[in-house]
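Here the structure is laid out as structure tokens; the discussion comes afterwards.
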Amino acid sequence: QNTGGDASAGALSHTVIIGVNAGDAIDNVDANGTVAIGSGSLTSNTSGQYNTSVGYQSLFTNIDGNKNTALGYQAGYSFEADTDGHGQLTAIGYRAGKFMTTGTGNTFIGSEAGLGIDGTELTGDNNTCVGNNAGYVMQGVCSANTIVGKSTGVSLTTGDQNTLIGTYAGYKLVTDANVTALGHKAGYNNLQGACTFLGAEAGQNFSTASSALLVGYRAVKGNETYTVATCDTTLGSATVNCDSADIYIGDVVTGTGLDAGVAYHVASITNGTEGDSVTRFELNVGTSVTAQTDTTLTFDPTNTGFAIT
């Protein structure tokens, strides 16, 4: 049954067109099987086949691309196949894949997943982005990336062949390629190519070496030790106060006032944000701590997990 569309395409069959300007340009029986629901949905389509478009201005620009599925407000808005019959785009979610133009075989699922940017639209192939804002600014020939998780790979622009899985994994990766980050915040600050991060927060602040392998929870979370000279400790207490320390839970702690025979680490943060201006934290043990004022403590994030660099 046909509803709406161009009257000149009266021979169409198995087609559903509902909404103002939906399927407005269809003029060819090759478009049989089209489903266009929503104002402006598939409005430019003439001969594209097997397309399903539901949502305001979804697949708005497609003319002759085939086998595309778009569900959501402006999902797949800018897509137009590089060659007649190409496509295979799946865009599900608010503005999912909005600025992807000629790429083939891309999948974007989630609100603004693979959104891209206006001006340097995405033309790459075979990207998969699943999650809110996943692959948010991918552009140009960026290709063959697998990105899964909320805000995962959110800064990636033109990097290729990356696998980023986990909330905020590979968050700051921009143009590098062949990075694998698996786990919450794995490789969060990484700016190097061909690295592998396996485990939640593995290499979270690691950014200096390419072709590195980091395995384990918080493995080599940072690349260097961090010294704070303004720490106050209390006899027999696990609580430590300091002016400001960019430290993380799990950091190994040594220094004056701490028994050298005890393995201390940051157990929790009670004032401040992990990695940014912490002023009070708890050690894992306090019975052997002595009282010190403005003592120097060293925090080492590199003593956990396994790494090859």
Side-chain angles (χ1 to χ4, degrees), residues 76 78-79 82 86 88-93 95-215 219-223 307-309:
S78 301
F79 175 76
D82 58 346
H86 278 193
Q88 297 84 53
L89 166 68
T90 299
I92 300 176
R95 301 205 305 172
K98 177 178 178 179
F99 295 111
M100 201 281 300
T101 56
T102 58
T104 298
N106 292 289
T107 299
F108 306 114
I109 300 176
S111 177
E112 294 190 331
L115 172 68
I117 63 173
D118 186 13
T120 308
E121 289 87 352
L122 177 63
T123 60
D125 303 331
N126 304 317
N127 295 291
T128 298
C129 300
V130 179
N132 181 27
N133 294 336
Y136 186 76
V137 292
M138 290 169 57
Q139 56 198 259
V141 294
C142 183
S143 300
N145 295 286
T146 299
I147 301 173
V148 180
K150 180 186 183 300
S151 296
T152 301
V154 73
S155 303
L156 186 69
T157 58
T158 58
D160 296 329
Q161 300 170 13
N162 297 292
T163 301
L164 312 173
I165 300 176
T167 306
Y168 303 118
Y171 186 87
K172 294 188 178 180
L173 190 68
V174 180
T175 59
D176 289 287
N178 303 308
V179 172
T180 299
L182 175 59
H184 172 68
K185 288 188 176 180
Y188 182 95
N189 283 307
N190 177 56
L191 298 174
Q192 304 294 327
C195 291
T196 300
F197 306 97
L198 302 178
E201 299 180 13
Q204 179 175 335
N205 296 299
F206 187 88
S207 61
T208 59
S210 60
S211 303
L213 169 63
L214 284 69
V215 180
V220 194
K221 191 170 182 178
N223 352 7
I308 298 175
T309 59

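Just so you know, these numbers use all the heavy atoms, side chains as well, and skip hydrogens, waters and symmetry mates.
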(request) Please report the closest heavy-atom contact between Gly170 and Ala181, naming both atoms and the distance. (result) N-CB, 4.3 Å
(message) Under a 3.5 Å distance rule, please check whether Asp82 uses its side chain to pair with a backbone N or O of Thr104 as donor and acceptor.
(response) no
(message) Working to the nearest 0.5 angstrom, can you tell me the gap between Ser143 OG and Leu122 CG?
(response) 7.5 Å
(request) Could you give me the CA-CA distance, side-chain angles and deciding distance for Ile165 and Thr152, then say whether side-chain contact (heavy atoms from CB on, under 4.5 Å) is met? (result) CA-CA 7 Å; Ile165 300 176; Thr152 301; over 6 Å; no
(message) On a heavy-atom basis, which atom in Val141 and which in Asp160 lie closest, and how many Å separate them?
(response) O-OD1, 3.6 Å
(message) If I take atom CG from residue Leu156 and atom CG from residue Leu173, how far apart are they, to the nearest 0.5 angstrom?
(response) 5.5 Å
(request) Mark yes or no for whether Asn127, through its side chain, and Ala144, through its backbone, hold a donor-acceptor pair below 3.5 Å. (result) yes
(request) Taking Thr123 for its side chain and Gly140 for its backbone only, find out whether a donor-acceptor pair lies under 3.5 Å. (result) yes
(request) Mind checking side-chain contact (heavy atoms from CB on, under 4.5 Å) for Asn126 and listing every partner two or more places apart, or none if nothing turns up? (result) none
(message) If I compare all heavy atoms of Cys195 with all of Ser211, which pair ends up nearest, and what's the gap?
(response) SG-N, 3.7 Å
(message) Can you give me the closest heavy-atom contact between Gly149 and Ala134, atom names plus distance?
(response) O-CB, 3.6 Å
Side chains of residues 108-115: which donor-acceptor partners sit under 3.5 Å, not counting sequence neighbours?
residue: Glu112; atom: OE2; partner: Arg95; partner atom: NE; Å: 2.9
residue: Glu112; atom: OE2; partner: Arg95; partner atom: NH2; Å: 2.5

(request) Search all heavy atoms of Leu191 against all heavy atoms of Lys172 and return the closest pair with its distance. (result) CD2-O, 3.2 Å
(request) Output every pair passing side chain to side chain donor-acceptor pair (under 3.5 Å) with a member in residues 173-188, not counting sequence neighbours, ordered by first then second residue. (result) none
(message) Quick check for you: to the nearest 0.5 Å, what is the distance between Phe79 atom CZ and His86 atom NE2?
(response) 9.5 Å
(request) Can you measure from CE (Met138) to CD1 (Ile147) and round to the nearest 0.5 angstrom? (result) 5.0 Å
(request) Mind checking the CG-CG spacing from Asn190 to Asn162? Nearest 0.5 Å is all I need. (result) 9.5 Å
(request) Hey, could you give me the CG/OG1 distance between Leu89 and Thr107, rounded to the nearest 0.5 Å? (result) 7.5 Å
(request) Determine whether Tyr171 and Ser151 make a side-chain contact, defined as any pair of heavy atoms from C-beta on separated by less than 4.5 Å. (result) yes
(message) How close do Ala96 and Ala91 get, counting heavy atoms only, and between which atoms?
(response) O-CB, 3.5 Å
